[in-house]
Each structure stands twice: as C-alpha cells, then as structure tokens.
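Everything on this sheet refers to the single structure shown next.
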2 protein chains.
Amino acid sequence: MGVVWERPEPSRRHRPALDRAMIVAAAGALADAGGLDAVTLRGVAARLDVLPMRLYRHLDSWDDLLDLLADAACGEIELPDPPSGDWRDRLRALAAATVAVARRHPWYVPLLGSRPPYGPNGLAYQEWLFAALDRPGLAPDTLMHAANAFLGYLVGQLHLELLRVPAGATAHVPPEEQLRYLARAVGDGRHPALARLFAQGRQLDAVEAFDAGLEIVLDGIAGKLG
Amino acid sequence: MGVVWERPEPSRRHRPALDRAMIVAAAGALADAGGLDAVTLRGVAARLDVLPMRLYRHLDSWDDLLDLLADAACGEIELPDPPSGDWRDRLRALAAATVAVARRHPWYVPLLGSRPPYGPNGLAYQEWLFAALDRPGLAPDTLMHAANAFLGYLVGQLHLELLRVPAGATAHVPPEEQLRYLARAVGDGRHPALARLFAQGRQLDAVEAFDAGLEIVLDGIAGKLG
DNA sequence: ACCCACGAGATACAGTGTATCGGAATTGAT
DNA sequence: ATCAATTCCGATACACTGTATCTCGTGGGT
C-alpha cells in the first residue's frame, strides 16, 4: 500500500464536480475523433482523468450514455425560432439543420436510428416538426403520416449516405478495390440496369442525392396536405 | 495430456464439412432467437459444435460474418420474377417483400443500414429496383434519385418501426413507465403539438404508418417520372 | 468529538474478437 | 509402401469490453 509520505495528498473534494454534461461532452469528443467505437467507458473516464467506475455514479449503464449522447447531438440541431415560411420551407430548414449535424458528427446517424428519441432535445425536435406541419383542421392521421414519411426518409438517407462515402466502412479494403469488385460483379451480364448506370460513370453526389430525395418526399406530402 | 487410450479416436474427416453457408445459417438462427447481440463468434461455433477459431478458416473477421448475414437476409427477400404491373406496383411489391423479411428478422434492420449492400443478393436487389423504375428515355439522374428516395424511406422507416415497437429497446424499462414518462414530459406546456397528438390517444400502427409513408414517397416519385 | 454513512478506489469477473504456436492428420512424391 | 511436406485443427493467451463487489478514507451531521 505504500508509505504515508509518498501517498498523494487527498486534495479531493476540490475536484471538478463531474456531472452528466462533462461525461457526455467527453464522449462526444471521443466519438468525433475516432467514431462510435472509440467511445468506451474506460476511454471517457480516462479523458476526464477519473477512474472508470466513477461514471456509474452518474450513469446506470452504458446504454444510458448512448441515449445521452444521442440527445446531446440532437440538441445541436438548430431549430429556427420562430419557424418561418410555409411548411415546405420549414421542413427544408429542419432537414438541412439535421444533416448539418449528422455530417459534422457521423456517429450521430446510427444513434438516430437506434435510440428512442424521447430525451428533452428529441422531444423538442419532434414538437418543432409537428408544429411545422400542423394547421387548423388537419386530420391527425394525415399529420402523423406526413411527419413519419419525412422522418423515415431523413433517417434512412443519412444511413445510406454513410454507407456510400467510405464505400466499405467495415474494413481497410481500399475503396479502389471495392470499385474494381463492383465493376466485375455488375458486368457479369446479369445486372444490365446496374451496368448501364455504372457505365454512365455518374457518381452519386451525397448532398445532391439528399436534396433530390427530399424534394420527392415533400412533393408527396404536398399531395396529402392539399 | 492424458493417456492415449482415453483420448478420443480421431474419427474426424467425416465431420460435417462446415462451409460458409452453415456458419451464416447458425448465425441467423442465433439472431432470430436472441437478437443481433446473441450472435457471437463463440456462440456460432458452439451451435455448430466446433471450436471458435475454426470459423476463421472461413471468415477473415467478425465483420465478414455480419456482411454475410446481411446478404443472406437480403436473399430471403422474394423478388417477383418476372416483375409485373407498372412501376408503382413493382415498387410496392418490393417494399412489401422487404418489410416482410425485416419484420421476420428484426436484426436485419440495423444491418441493412450499416453494411454495404454489395453482396450477390444485395446487387440482385438493386438490379431489380433499378429495372423496376427504368424506362426508355429516362434520365439517369432521375432514375437514381427516385431509387434513392425509395431506399432511403425504406431503410429509415424500418429503423423507426423498430424504435417504436419495444418503445425503449435499450433497457428493461417497462413500456408502461415509458408511456407515463412521455405523458409527463409532453404535458409540460412546452409541447403543445405533441400534447395534442398525445391527447388524441391515437397509437401509430406500424403497418399503417409504413404503407401511408410509402404512398407519399411513391406520389413524390410519380411527380418526377411524369 | 464521535459516529455513520456515502462515495471513491481498486480488484475481479464474465464476456467479446483475435493472434499465435505446437502437433496431429492428410496429402503428395519417391 | 514409406517418407516428406503441408495443411489445418486444437488450445492457450491477450487485449479489450461493460459491470459487480468489497474495502477503506473522508466529510458531515448530531
């Protein structure tokens, strides 16, 4: 146990108070640096210069941290206040604010699709969305369906976007080889439609694809809202 | 090391040949039983009555198994051959076949959103989708945007669906308490739109929500396809 | 001034995916 | 048919996860 003299002074009690916000901030920083895999209990604790088990004083479990992290990212989404324009403009603004955060924090995307959006920021987000679509006399079902289509597209497209850019986030397979494989696989004669597109050589730009899809969804919603 | 006599006879060589298909099948069975978390290298090996490291003869890494699993699930999606009806009918059929598999194998949803869809079945799926939308004279960009909107909605909505049904898949929080929390949180006066919907008491049915959203997206696509 | 209870600290455990290494079994060649 | 070579199985070990538990030093209440 060591002798008294060389034991560090118990200057505790003045330690930085360590609250949930600090923990989430540390986790977010780790995620920004190394992706979701990089955020680990011991990692967060180390970044806060604290022993791992101390985090359990503020978290019930690891999943709690993911929920907090997701809601924190959601809180970074800038909801225009007051909302302006017609519902199309408002939804466009909401989508833009959301993708901005998702592209800044790619780790937010899997969380967005896997954690219940019931934190304070998640609720505020939903409130804003429903308020943006609602209008006197609108049938509740129509409202929910429109909001759902919007959210569904948003979440899915963000996932797809993430799948495209590294073109194989799984391993250290160089994107170039991935392309060669695709060319080979698609050119086997049994994928004429894909081969045609592939021959076109037109790479699908992420932001263009997102915007075009969004307009499609908005058009569809417009059909229901009248 | 034990004596020779009590060492089991080396009757090997007649062992079941253990190929990728068996491994994927075992993994799928585990996932069906206990979710994606239940499929683990040692678990799969145990189910095949094989030592864990033997799987590495057929897999380069753990991620490989997830890719194989995703593509296997994708292969379960029944693509009507030949495709029939107009493009709307075809896309509806494709969506229906996809959700059928996703609801049968909930573990497929996260894979769908996180693994590149470039396996043989994934490519076949995409080929079918593009072929279903394509027509002579259609601009390639329009084709891609339509397919993208469709896929984006599909992937996202399936994720949302998964988020709704357990209403908190994260922990053993009883759905009832989750509801009580929501009622409290939404009724704080700062969420009037949500509160209104909540008061309506109308629960969002999964299949109804999916179908309604799909029609919205299809309407939007129709606007682009003319 | 005493006691008690709370929280920090360390260690330990059951898991995960993966690397490595010795030896057995199968294959190919002489 | 015998020997050499190669393949691949079996086991152990490692680094890493999240988490439980147990022991104290410490601070605050009476």
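Below, read A as the first sequence line, B as the second, and so on, with proteins coming before strands; counting in each chain starts at 1. In what follows, every heavy atom counts, from backbone to side chain, and hydrogens, waters and symmetry copies are set aside.
The ring-ring contact (aromatic ring centres under 6.0 Å, His included) test applied to A/F150 returns no partner, not counting sequence neighbours. With sequence neighbours left out, the salt bridge (charged side-chain N to carboxylate O under 4.0 Å, His left out) criterion links B/R90 to no other residue.
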Check the interface with nucleotides 19-22 of chain C: list each N/O to N/O pair with the protein under 3.5 Å, or write none.
none

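Looking at B/S61 and B/Y56, their side chains never bring a donor and an acceptor atom within 3.5 Å of each other. Donor-acceptor pairing under 3.5 Å is lacking for the side chains of A/Q126 and B/H191.
From B/R54, atom CZ reaches atom CD1 of B/I23 across 9.0 Å, with rounding to the nearest 0.5 Å. Rounding to the nearest 0.5 Å places CG of B/D205 at 11.0 Å from CE of A/M144.
Evaluation of the side-chain hydrogen bond (donor to acceptor under 3.5 Å, both in side chains) test over residues 28-42 of chain B, restricted to residues two or more places apart or in two chains, returns B/D32-B/H105, B/D32-B/W107.
For the pair B/L36 and B/V39, the minimum side-chain heavy-atom distance is below 4.5 Å.
Atom P of nucleotide C/dT16 and atom CG of B/L65 are separated by 14 Å, given to the nearest angstrom.
For B/S61, the listed nucleotide lying nearest its side chain is C/dT18; candidates were C/dT18, D/dC9, C/dG9. Closest contact between the side chain of A/W62 and the listed nucleotides D/dG10, C/dT18, D/dG18 involves D/dG18.
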Intra- and inter-strand pairs of DNA chain D in dot-bracket (Watson-Crick or G-U wobble, both distances under 3.5 Å; | for another strand): |||.||||||||||||||||||||.|||||
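Between B/Y153 and B/F210, the ring centre distance stays below 6.0 Å.
Taking a 6.0 Å sphere around CG of A/D60, one finds it holds 12 or fewer heavy atoms contributed by other residues, nucleotides or ligands.
Within residues 31-45 of chain A, the residues having any heavy atom closer than 4.0 Å to DNA chain D are, in order of number, A/T40, A/L41, A/R42.
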